[in-house]
There are 2 protein chains.
Amino acid sequence: MQKAQKISGFPEWLPEEKLLENKIIKQIKEVYESHGFVPIETPAVELIETLTSKGVVDKEIYGLRRLAAAADEKDAELGLHFDLTVPFARYVATHFNSLHFPFRRYQLQKVWRGERPQKGRFREFYQFDADIVARDELPIFCDAEVVTLLTKCLKSLNIGTPKIRLNNRKLLIGFLKGFLIKEDSIPAAITIIDKLDKISAAEAENQLVNIGLDSKAITSLLEFAAQALNGEEFARFISSANLSTDLAVQGTEELLALYNFIPENLKPLISFDFRIARGLDYYTGTIVESQIVEYPEFGSVGSGGRYDGLVNNYLSKPVPGVGISLGLTRIMDLVLREKLLSLPAQSTAKILLAIFSEDERVRAIELAEQIRYTGIAIELFPRQAKISKQIEYADKKGIPYVLFVGEKLELKNLKTGQQQEVNSPEELPKLITGP
Amino acid sequence: MQKAQKISGFPEWLPEEKLLENKIIKQIKEVYESHGFVPIETPAVELIETLTSKGVVDKEIYGLRRLAAAADEKDAELGLHFDLTVPFARYVATHFNSLHFPFRRYQLQKVWRGERPQKGRFREFYQFDADIVARDELPIFCDAEVVTLLTKCLKSLNIGTPKIRLNNRKLLIGFLKGFLIKEDSIPAAITIIDKLDKISAAEAENQLVNIGLDSKAITSLLEFAAQALNGEEFARFISSANLSTDLAVQGTEELLALYNFIPENLKPLISFDFRIARGLDYYTGTIVESQIVEYPEFGSVGSGGRYDGLVNNYLSKPVPGVGISLGLTRIMDLVLREKLLSLPAQSTAKILLAIFSEDERVRAIELAEQIRYTGIAIELFPRQAKISKQIEYADKKGIPYVLFVGEKLELKNLKTGQQQEVNSPEELPKLITGP
């Protein structure tokens, strides 16, 4: 006999949990569609050269290999995608002439990373992305729109207070350059800033010394990175900051313009946070992360940013893009661990059809079809059993009503215990209440 | 610059095609849920020992390997699943104590097979399954219910006449045993029967000789396998057939009982077809395939059967199951190739909000939010442009209305050209018509 064990890092939900996940998916989809976004889907695999372009950390990629491949067959050229942005950029290039720009798409798919699993980190997980790409020029309004989507989605889930943390790569790099940090130390400095939430100040200082920063630069950098400002504070920061590079000035201007295009009622959820750096190399402007204020330890539940060069890997024309990615699996993990939302029943049926003897099954099958035709989901108890057994089954599965098929039709509400005669299937929709 | 090529065997749809696929998914999901089935999802990967149990052809499996794995790291234990039945059986065993039986689940996921791609065959494709498993005993009513689901789903798609082809492994094996075919030649004989639709009679005869059948057995077998009977013909066949083994008799009785539990209006779509054998080894009773009568060359668009032993790989108790699998990707391929359904627009927005100058953008953002609140999906043109350009954009994307934000609000119907004043966002839902 084999073991039926779960594989570490590959989450799997119970049916009632999956029903809840579907409900969350529907909510997010409705927000995306309310802004005119269309769905796409890419294969789970891409050519490995697609995945490893733009300096992405390739140690996380799973390659594919046919089990029955001959020993001398050359190694797999295919790998599982580790995010949805890289495949999306490739998709835009592949289908360039069939898409209308600015192109606004959403995409819900699993991604895979061969990381060591830990709390809140998975090797297989869902991302739920929304992006806008344009030909030639993509206005800052689009950055604001995807940040708005992220904020609205997190707000609509009703699982705590969303906090949207904004930064801009130009501001960050411009700031670093202002301290005469060497060009080739900048990626390493960004990586360290990206970890500031997770490591101690001493550890950060140590790492910054190692990449060659002097103590004045380190002090300024840590002071800068400690800031988390609301809209008003950010406006004050800009007017008083002595930003020494054009790039940094451009970054602050973009952030200010973005904030101006956020709907008024969402602005209180937005903050400017210079610790936000984003690990992935393809971001060029706006960067955003988010958390649920009540559960900071769960980390970012949605993030994204502006990538002006990603589609250009394949095309000779500029196709700038901006997007966000909701960490659906991490959100589910948070919701289930902290019991933030109530779980539905383990059935989609509203009625269990109970029969007294097998002789009535054929008639009950036809009746069930008539009832489904009225829009009510119904299950027919599959075998000969005592009525008490059939009621018990409905109760366990959370099916709220039992309909007895005898000489008359009788409907029992399992919650109230009330029982009433039903003259025809058409009467049922108004007798069945609840979600 | 890299190439942005499609990978052969890994289909990828345009946004309007994906919207159509989502519509089909919704239709199938509604049929499954109307019978009380609940969704589950398993990881894309299973332990390779799970995938290769029950004599499944392992040459089709893709194994996983971390690209950055050390040379001496042992080979991947994980493989991508090639169907949803094997992972489902493992899921039932893993979560046995959290599920209520009979357990009825549906599951929509991609599966992967490292086959050479050809027309209608993919290396990555969606299956959309529905199965019932029970403890101890699973009544034949459940076989009838999943066959009913398959029939209703195909009928609801409105892409041609579904033909449901039934057989039973017990009848097939009992029949073969009746000809004193050696026990260990039976799997090979089943594989040949499974191919009868695709190979010539001469080729079939040749292959049957090769596995050791004598000419009398071959004649009887080919005669038997040539039969496709409707319900009445099948009843006649049973009463006159001289079935020489108990197993064959049991198989016919199961088929007859199943047919009796099919809703009357679906019976004309059902046929008994002794060519249906199903390649996979885990089936033990009912087997079913289906096609669209008008497109026989597309092969089976949905299939399944009874598997009494699959969950028992992990548990010491009997947990029989029966289910069907719709070939969603193959259906999509058929629909798109033959243009069987019309494609939606490349946008989910009903209205494009057009502005005359950038000064109005902040006001338009707030207005768009108010309109979304009434349930209408709306997109705001992202940059400064002539009004004619904005209308052209809406037209290309298939957005049916443009709302001009000036001193007054004016709504233009792009189809009729009609334009009218709108006093407040709340008026819009009744002014917007169409799907």
Side-chain angles (χ1 to χ4, degrees), chain A residues 1-2 4 6-7 10 12 14-15 18-19 22 33-45 49 53 58-59 61-68 90 93-95 98 100 102 105 110 114 124 139 141-142 261 263 313-314 346-349 361 365-366 369 372 377 379 382-383 396-397, chain B residues 1-2 4 6-7 10 12 14-15 18-19 22 33-45 49 53 58-59 61-68 90 93-95 98 100 102 105 110 114 124 139 141-142 261 263 313-314 346-349 361 365-366 369 372 377 379 382-383 396-397:
Chain A
M1 204 165 351
Q2 292 180 37
K6 282 204 239 183
I7 309 169
F10 290 81
E12 182 170 81
L14 288 173
K18 180 61 194 158
L19 277 166
N22 284 353
E33 291 198 344
S34 76
H35 283 246
F37 285 63
V38 286
I40 69 156
E41 199 166 298
T42 59
V45 307
E49 64 168 281
S53 61
D58 66 0
K59 71 167 189 288
I61 297 173
Y62 279 118
L64 255 54
R65 186 169 169 81
R66 287 173 52 240
L67 284 194
R90 196 269 313 145
T94 307
H95 304 283
S98 306
H100 301 300
R105 82 87 175 80
K110 282 178 178 172
E124 171 180 290
F141 164 66
C142 294
F261 289 150
N313 286 356
Y314 313 97
Q346 202 182 86
S347 176
T348 52
R361 186 165 298 279
I365 287 169
E366 299 296 336
E369 287 292 291
R372 289 184 189 113
E379 187 181 330
R383 59 184 172 77
K396 262 192 198 156
K397 279 209 169 172
Chain B
M1 204 167 351
Q2 292 181 37
K6 284 204 238 183
I7 309 168
F10 291 80
E12 181 170 83
L14 288 173
K18 180 60 194 160
L19 276 165
N22 283 354
E33 291 197 345
S34 76
H35 284 246
F37 285 63
V38 287
I40 70 155
E41 199 165 298
T42 60
V45 307
E49 64 167 280
S53 62
D58 66 1
K59 71 169 187 289
I61 297 173
Y62 280 116
L64 255 55
R65 186 168 168 80
R66 287 173 54 241
L67 286 193
R90 195 271 312 145
T94 308
H95 304 283
S98 305
H100 301 299
R105 82 85 174 81
K110 281 179 177 169
E124 170 179 292
F141 164 68
C142 293
F261 289 149
N313 286 357
Y314 313 96
Q346 204 183 85
S347 176
T348 52
R361 186 165 299 279
I365 287 168
E366 298 296 336
E369 287 292 291
R372 290 185 188 111
E379 188 181 328
R383 58 183 172 79
K396 262 194 199 153
K397 280 209 167 170

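To find a chain, count down the sequence lines: A is the first, B the second, and so on, and within it residues start at 1. Heavy atoms only: backbone and side chains are in, while hydrogens, waters and symmetry mates are out.
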(request) Determine the option with the most heavy-atom pairs under 4.5 angstrom with chain A, choosing from B/Pro15, B/Pro139, B/Ala349. (result) B/Pro15

(request) Taking salt bridge (charged side-chain N to carboxylate O under 4.0 Å, His left out) as the test, write out the residues that go with B/Glu12, two or more places apart. (result) A/Arg90

(request) Compare every heavy atom of A/Phe141 with every heavy atom of B/Pro382, then report the nearest pair and how far apart it is. (result) CA-CD2, 3.6 Å

(message) I need the minimum non-hydrogen distance between A/Glu369 and B/Pro263, along with the two atoms involved.
(response) CG-CG, 3.9 Å

(request) For each of B/Arg105, B/Arg383, B/Gln346, tally heavy-atom pairs with chain A at distances under 4.5 Å, and name the one with the top tally. (result) B/Gln346

(message) Below 4.5 Å, heavy-atom pairs only: which of A/Arg372, A/Lys396, A/Lys6 has the largest tally toward chain B?
(response) A/Arg372

(request) For residues B/Val45 and A/Glu124, report the shortest heavy-atom separation together with the two atoms involved. (result) N-OE1, 4.2 Å

(message) Please classify the contact of A/Glu366 with chain B as side chain, backbone, both or neither, using a heavy-atom distance under 4.5 Å.
(response) side chain

(request) Under 4.5 Å heavy-atom distance to chain B, tell me which part of A/Phe261 shows up: side chain, backbone, both or neither. (result) both

(message) Would the distance check show the side chain of B/Thr348 and the main-chain N or O of A/Val38 forming a donor-acceptor pair, the cut-off being under 3.5 Å?
(response) no

(request) Report the C-alpha separation of B/Tyr62 and A/Arg66 in whole Å, then their side-chain angles, then the decisive distance to 0.1 Å, and conclude whether the side chain to side chain contact (heavy atoms under 4.5 Å, CB included) test is met. (result) CA-CA 4 Å; B/Tyr62 280 116; A/Arg66 287 173 52 240; 3.7 Å; yes

(request) Might you work through the side chain to side chain contact (heavy atoms under 4.5 Å, CB included) test for B/His95 and A/Leu14, ending with a clear yes or no? (result) CA-CA 8 Å; B/His95 304 283; A/Leu14 288 173; 3.7 Å; yes

(request) Measure A/Glu33 against the heavy atoms of chain B and call it side chain, backbone, both or neither at under 4.5 Å. (result) both

(request) Taking the side chain as every heavy atom from C-beta outward, state whether A/Asn22 and B/Pro39 have any atom pair closer than 4.5 Å. (result) yes

(message) Report which part of B/Ile40 has an atom under 4.5 Å of a heavy atom belonging to chain A: side chain, backbone, both, or neither.
(response) both

(message) If I measure from the heavy atoms of chain A, does B/Lys110 come under 4.5 Å with its side chain, its backbone, both, or neither?
(response) side chain

(request) Supply the atom-to-atom distance B/Glu41 CD to A/Lys18 NZ, rounded to the nearest 0.5 angstrom. (result) 4.0 Å

